[in-house]
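Taking it in order: structure first as structure tokens, then the write-up.
Reminder, nothing fancy here: chain letters follow the sequence lines and each chain counts from 1.
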Number of protein chains: 2
Amino acid sequence: MPFTRLEIAVLGLVDGELQVLLARRAEAPHAGKWALPGGVLRIDVDASLDAAAQRVMRERLGLELPFLRQLCAAGGPTRDPRAPWALSIVYRALVPAENVKPSAGKRIEALAWRPVGDAIADKSLAFDHSQLVSQAVESTRAEVERLDLPARFLPDQFTLGELQSTCEQLLGRRLDKSSFRRKLADRQVVEPVEGLMRTGANRPAQIYRLHAR
Amino acid sequence: MPFTRLEIAVLGLVDGELQVLLARRAEAPHAGKWALPGGVLRIDVDASLDAAAQRVMRERLGLELPFLRQLCAAGGPTRDPRAPWALSIVYRALVPAENVKPSAGKRIEALAWRPVGDAIADKSLAFDHSQLVSQAVESTRAEVERLDLPARFLPDQFTLGELQSTCEQLLGRRLDKSSFRRKLADRQVVEPVEGLMRTGANRPAQIYRLHAR
DNA sequence: GGTGTTAGTTGCAAAGTCCAACGAAGTGTT
DNA sequence: AACACTTCGTTGGACTTTGCAACTAACACC
């Protein structure tokens, strides 16, 4: 039976760019190298794969996040020198990065946000993790393109301007304001929080939240 | 480390309906019950998860199919009575059902095509397999909706009429001929096989194949 | 030659999308 | 108080895509 781990690709917008949270490994193999935070499946405590991913995120990053999503599984005999056959289940989390402060947990020396382009191109990442990051980014971009849950990158409440700007940063291109709003309205993605406005230096903006469904 | 299996959801159009290939189990647990064909991961021979899925399909069904796709992984302590913690990696295959004759292999008593609706509703399927079928169907329908690879359900060569009718059966609604063809042309999904026509009782039709890309 | 059936194209109206401009509602400046 | 400035939110119109129906084409069969 294979040596089984969970790896978590935490994505967030930091400095106006899509970045991934990497951990510097404290122990062999690949000690000192950067890798996705992850941990070993524990069949004595984990009630499911989703629960295991939550536990790993709690132990390694000190985070409790609701929207984890299973991305894929990778397996093979040469992935990890500790075992003759290593299997990783990869999860993805989306976070409003400014509001979430992960802290380095067990077996992690340091944590850092890295722009996804760098991480994918960086051949010095441990294991096959640069490829896993690539998959996480690809599937996330596809979801944003369909206007599925881009709001997970934002706090609970936000204005449509913030949401649109978030999507533009994720996709790397400008979007049209009127069609963007029409689509949101059609698909009932968000709903206004009655009476709440974001005030500032200019005209106040209506505050929205994810639609209940 | 968990007891790890691969399960294969083979989907095909049979009798004008989307059906899934089920196997009656020869051995415990769930002997005599219907389940997705599957097998245990063998870390001594499998070079990757994809290769393992191919091997299982060869051993259990006698099939060699090119387009397997990993769908998801499911794991937990109560999924399989043989082990304290069972993990399954689920693969999906699409086949031109009329041309492919799977044969019951190791540890399988019988094979049968079942309409996917039946299989999803049937609570007597072994393990959590009716749920896995549901996921396979859902993701497949979504891909057909985007006109990704609906041609995998067909032989190498086909007419546009056959392809359209296939999509209509999969989606359960009629499609417009002109816009269907416009989309195929735009996205360069298929290409004509010059000079080859399907003849029959009526006007001959141009034969197409998947575009090389 | 006429009829029936499927293949493939064309024309057009309706719907949707993209782009730019506009009025609205605030703050800060003069 | 008047004005400039910025962002919010909507509107109008050109353009593109889609959906529907009609039309021609090419065969078999009678």
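Checked for salt-bridge contact, B:Glu168 and B:Arg173 miss the test: no charged N lies under 4.0 Å from a carboxylate O.
Counting heavy atoms from C-beta on, the side chains of A:Leu132 and A:Leu36 come closer than 4.5 Å.
When rounded to the nearest whole Å, the span between CZ of B:Arg181 and C1' of D:dT18 equals 16 Å. Put simply, CZ on A:Arg174 is 14 Å from P on C:dC18, counting in whole angstrom units. Counting to the nearest Å, the P atom of D:dC27 and the CD1 atom of B:Ile207 are 14 Å from each other. One atom, CG of A:Asp176, and another, P of D:dG13, lie 17 Å apart when rounded to the nearest Å. Between B:Leu147 atom CG and D:dT18 atom P there is a gap of 10 Å when expressed in whole angstrom units. Computed from coordinates, the A:Met197 CE to C:dG26 C1' distance equals 10 Å when rounded to whole Å. Following rounding to the nearest Å, B:Asp186 (CG) and D:dT17 (P) show an atom-to-atom distance of 7 Å. A:Leu184 has its CG atom 16 Å from the P atom of C:dG16, to the nearest Å.
Of the residues in residues 154-166 of chain B, none lies under 4.0 Å from DNA chain D by heavy-atom distance.
Looking at B:Thr4, its side chain does come within 3.5 Å of a backbone N or O of B:Pro2 through a donor-acceptor pair. Side-chain N or O atoms of A:Glu191 include none that pairs as donor or acceptor with a backbone N or O of A:Arg209 at under 3.5 Å.
Checked by distance alone, B:Ser179 brings no side-chain donor or acceptor within 3.5 Å of a matching partner on the base of D:dC20. Within 3.5 Å, no donor on the side chain of B:Asn202 pairs with an acceptor on the base of C:dT6, nor the reverse.
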Determine, stepwise, if the pair B:Thr159 / B:Gln206 fulfils side-chain contact (heavy atoms from CB on, under 4.5 Å). CA-CA 6 Å; B:Thr159 68; B:Gln206 175 64 54; over 6 Å; no
One pair to check against side-chain contact (heavy atoms from CB on, under 4.5 Å): B:Arg187 and B:His211. What are the steps and the verdict? CA-CA 10 Å; B:Arg187 307 186 194 170; B:His211 192 280; over 6 Å; no
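The side chain of A:Ser178 approaches D:dT11 more closely than any other nucleotide in the set D:dC20, D:dT11, D:dG9.
Of all heavy-atom pairs between A:Arg198 and A:Phe158, the closest is NH2-CA, 4.5 Å.
Checked against A:Thr140 for a side chain to side chain donor-acceptor pair (under 3.5 Å), the options A:Arg152, A:Arg92, A:Gln135 give a single hit: A:Arg92.
Between A:Ala201 and A:Arg182, the residue anchored nearer the 5' end of DNA chain D, judged by the nucleotide with its closest heavy atom, is A:Ala201. Sequence order on DNA chain C of the closest nucleotides to A:Pro204 and B:Gln206 puts B:Gln206 first from the 5' end.
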Protein-nucleotides 22-25 of chain D N/O pairs closer than 3.5 Å?
from: D:dA25; atom 1: N3; to: B:Arg203; atom 2: NH1; distance (Å): 3.0

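For the residue pair A:Asp50 / A:Ser48, no side-chain donor-acceptor distance below 3.5 Å is found, with atom types taken as modelled.
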